[in-house]
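Notes follow once the structure below has been shown.
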Amino acid sequence: MAKDAVLDFDNALELFEPVLGFEVHVELNTATKMFSAAGNPAHADNHDAAPNTLVAPVDMGLPGSLPVVNETAVRYSISLGLALGCSIARSSRFARKNYFYPDLGKNYQISQYDEPIAFEGEVQIELSDGTVIDVPIERAHMEEDAGKLTHVGGATGRIQGAEYSLVDYNRAGVPLVEIVTKPIFGADHRAPEVAKAYVAAIRDIVLALGISEARMERGNLRCDANVSLRPRVPAGEPAAPLGTRTETKNVNSLRSVERAVRYEIQRQAAILAGGGTIVQETRHWHEDTGRTSPGRPKSDADDYRYFPEPDLLPVVPSEELIEELRTALPEAPALRRRRLKSDWGFTDLEFQDVANGGLLAEVEATVAAGTSPGAARKWWTGEVSRLANARGVEASSLVAPASIAALQHLVDAGTLNDKLARQVLEGVIAGEGTPQEVIDARGLAVVSDDGPLIAAIDEALAAQPDVLEKIRDGKVQAAGAVIGAVMKAMRGQADAARVRELVLERAGGS
């Protein structure tokens with residue numbers, strides 16, 4: 001794949017104003033699918049289902065099968081619309097979106113077009129320095145997900161060069177809510193950060209509602225990032241017309257959303273600065289290279305030949321239902337952030353480390369499992385984030401909060417020291433089991449019997465008679481050399497504080 005020319009980011013922003021838009025797809029975790037009674041793979045009970053085992057005639061598009069709307073999915077969609085500050089439609093209806101879907105057997109998608117369930121909202125997001133931005137929401141509509149294609153035999157995992165493709169219909173028909181923003185102006189140099197913060201805010205809302213696991217690496221939450229550029233004009237002159245946009249599809253991590261928006265700004269700026277034109281198209285994001293590549297020409301609404309779904313009645317929620325769901329809404333993300341910061345006793349900087357890393361939910365769940373806020377923050381913003389960055393993934397995808405809590409409990413109990421705990425964490429991430437199972441398999445527990453420690457101390461003292469004399473002369477800081485030798489001999493499986501006590505005791509220096 002030939003590399004596109006890119007312009008320096010700062011230079012690009014001197015010449016052009018970025019205009020952003022986002023389409024975020026949220027898979028709902030209902031027990032069954034949007035229009036059939038088949039099990040929903042986005043539900044926790046079905047994560048390990050074998051391919052093509054969660055299917056019904058409707059999902060396969062078999063002749064004579066008819067869709068039935070999932071009531072729970074409708075309730076979830078209304079709750080999400082309310083949480084986004086949207087108005088809820090008194091009547092909304094489904095439509096057929098006609099397009100070649102190789103992984104939807106009926107060859108169209110049941111979605112909503114001109115009559116969505118929710119419209120005209122606003123989401124407040126907070127940037128790393130505390131700046132608050134209001135993102136306008138155009139609509140949130142219900143639809144079904146497509147299945148999954150696996151292309152086999154090629155070098156890239158894409159259809160180009162593949163020998164054959166496999167279709168898994170498990171995901172076909174999974175309930176989705178698509179959240180569409182209006183154009184976002186004024187982001188300028190902070191456009192990549194705005195993108196990341198917006199998707200993180202949607203993730204927080206969805207998790208607070210409990211309607212989705214929102215695991216981006218699993219596809220529970222996916223972002224299509226729209227970017228266009230328009231020339232900057234002198235102050236006081238009318239703004240230039242909007243530029244041609246590209247849509248980078250299905251970006252599946254907060255880090256990737258930020259990087260994809262930055263890259264598209266630089267790529268489009270290089271084309272425009274060179275006198276070229278932008279092609280309206282979808283783009284694919286490549287995490288390994290940090291670049292996008294062309295997908296297909298982007299269709300407009302007319303190209304999909306929307307028409308009302310004839311097999312489904314309009315959705316007409318009662319005012320009583322809407323108010324019931326409004327009353328049950330959790331606290332708004334901005335209020336939640338302020339409450340958590342106060343509850344945890346974090347400084348502004350400590351809280352920003354957690355929030356900017358998109359780790360609020362993980363730290364909150366770890367604290368709820370009985371871990372102190374400080375310890376939870378240390379693990380998630382420290383070792384877990386370090387390992388995640390090395391792998392180019394989200395920290396939340398590596399390990400569950402329950403495992404971090406169990407790990408910290410073992411440290412608090414003296415079973416592990418910090419060094420051993422880091423090794424256990426690596427074992428948990430590698431799939432070797434729970435923290436205790438990793439300890440048992442690798443033999444990583446701290447040695448609590450003084451016998452082996454004393455033997456190692458005596459050996460180290462005998463090997464360093466000069467250090468022994470210094471300790472006996474009152475220079476207790478010299479004990480560090482012996483402690484280091486003992487910790488090495490014990491492969492780090494000792495409590496350094498206990499070793500120091502025993503060294504001073506055996507040397508007669510205390």
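Between K182 and E138 there is no salt bridge, since no side-chain N of the basic residue sits under 4.0 Å from a carboxylate O of the acidic one. Electrostatic pairing of R218 and E27 does not count as a salt bridge here, judged by no charged N lying under 4.0 Å from a carboxylate O. A salt bridge does not link R93 to E309: none of the charged side-chain nitrogens sits closer than 4.0 Å to a carboxylate oxygen. Between K196 and E193 there is no salt bridge, since none of the side-chain N atoms of the basic residue sits less than 4.0 Å from a carboxylate O of the acidic one. Ion pairing between a basic and an acidic side chain is recognised when a charged N comes within 4.0 Å of a carboxylate O; K97 and E178 show no such pairing. Using a 4.0 Å cut-off between charged side-chain N and carboxylate O, K33 and D145 make no salt bridge. Salt bridge E323/R326: present, at least one basic N to carboxylate O contact under 4.0 Å. Remark: R139 does not engage E120 in a salt bridge, criterion side-chain N to carboxylate O under 4.0 Å. Remark: R377 does not engage E362 in a salt bridge, criterion side-chain N to carboxylate O under 4.0 Å. Of the charged side-chain nitrogens involved, at least one lies within less than 4.0 Å of a carboxylate oxygen, so that E364 and R336 count as a salt-bridged pair. One finds no salt bridge joining D168 and K148 here, because no Lys/Arg side-chain nitrogen approaches an Asp/Glu carboxylate oxygen to under 4.0 Å. Under 4.0 Å is where a charged nitrogen must lie from a carboxylate oxygen, and between E126 and R337 at least one such pair does. Here R96 pairs with D311 in a salt bridge; the nearest charged N to carboxylate O distance falls below 4.0 Å.
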Item to complete: Apply side chain to side chain donor-acceptor pair (under 3.5 Å) to the pair Q268 and S228, showing each step before the final yes or no.
Response: CA-CA 8 Å; Q268 292 185 27; S228 67; 5.9 Å; no
Worksheet item: Given the rule in the side chain to side chain donor-acceptor pair (under 3.5 Å) test, do N29 and S212 qualify, once you have shown the distances and angles that lead to the verdict?
Response: CA-CA 5 Å; N29 60 1; S212 173; 6.0 Å; no
Worksheet item: Where do R259 and E287 land on the salt bridge (charged side-chain N to carboxylate O under 4.0 Å, His left out) test, with the steps shown first?
Response: CA-CA 9 Å; R259 295 176 67 203; E287 183 65 38; 2.6 Å; yes
Worksheet entry | Chi angles and distances behind the ring-ring contact (aromatic ring centres under 6.0 Å, His included) call for Y198, F22 | CA-CA 9 Å; Y198 170 71; F22 302 102; 5.5 Å; yes
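The main-chain N or O of T72 is found under 3.5 Å from a side-chain atom of N70 such that the two form a donor-acceptor pair.
No donor-acceptor contact under 3.5 angstrom links the side chains of N220 and R215, judged on distance only. No hydrogens or angles considered: nothing links the side chains of T366 and W379 as a donor-acceptor pair under 3.5 Å. If you check the side chains of Q280 and T246, you find no donor sitting under 3.5 Å from an acceptor.
Classified by interplanar angle (parallel below 30°, tilted 30° to 60°, perpendicular above 60°), the ring pair Y306/Y113 is parallel.
Of all heavy-atom pairs between S128 and R190, the closest is OG-NH2, 3.7 Å. For the residue pair A140 and P116, the shortest heavy atom distance occurs at O-CB, 3.9 Å. Considering every non-hydrogen atom in both S397 and E217, the closest pair reads CB-CD, 3.4 Å.
Both the sub-6.0 Å distance and the 45° axial angle are not jointly satisfied by R291 relative to the ring of Y263.
Screening E281, H284, R283 for a side chain to side chain donor-acceptor pair (under 3.5 Å) involving T292 leaves a single residue, R283.
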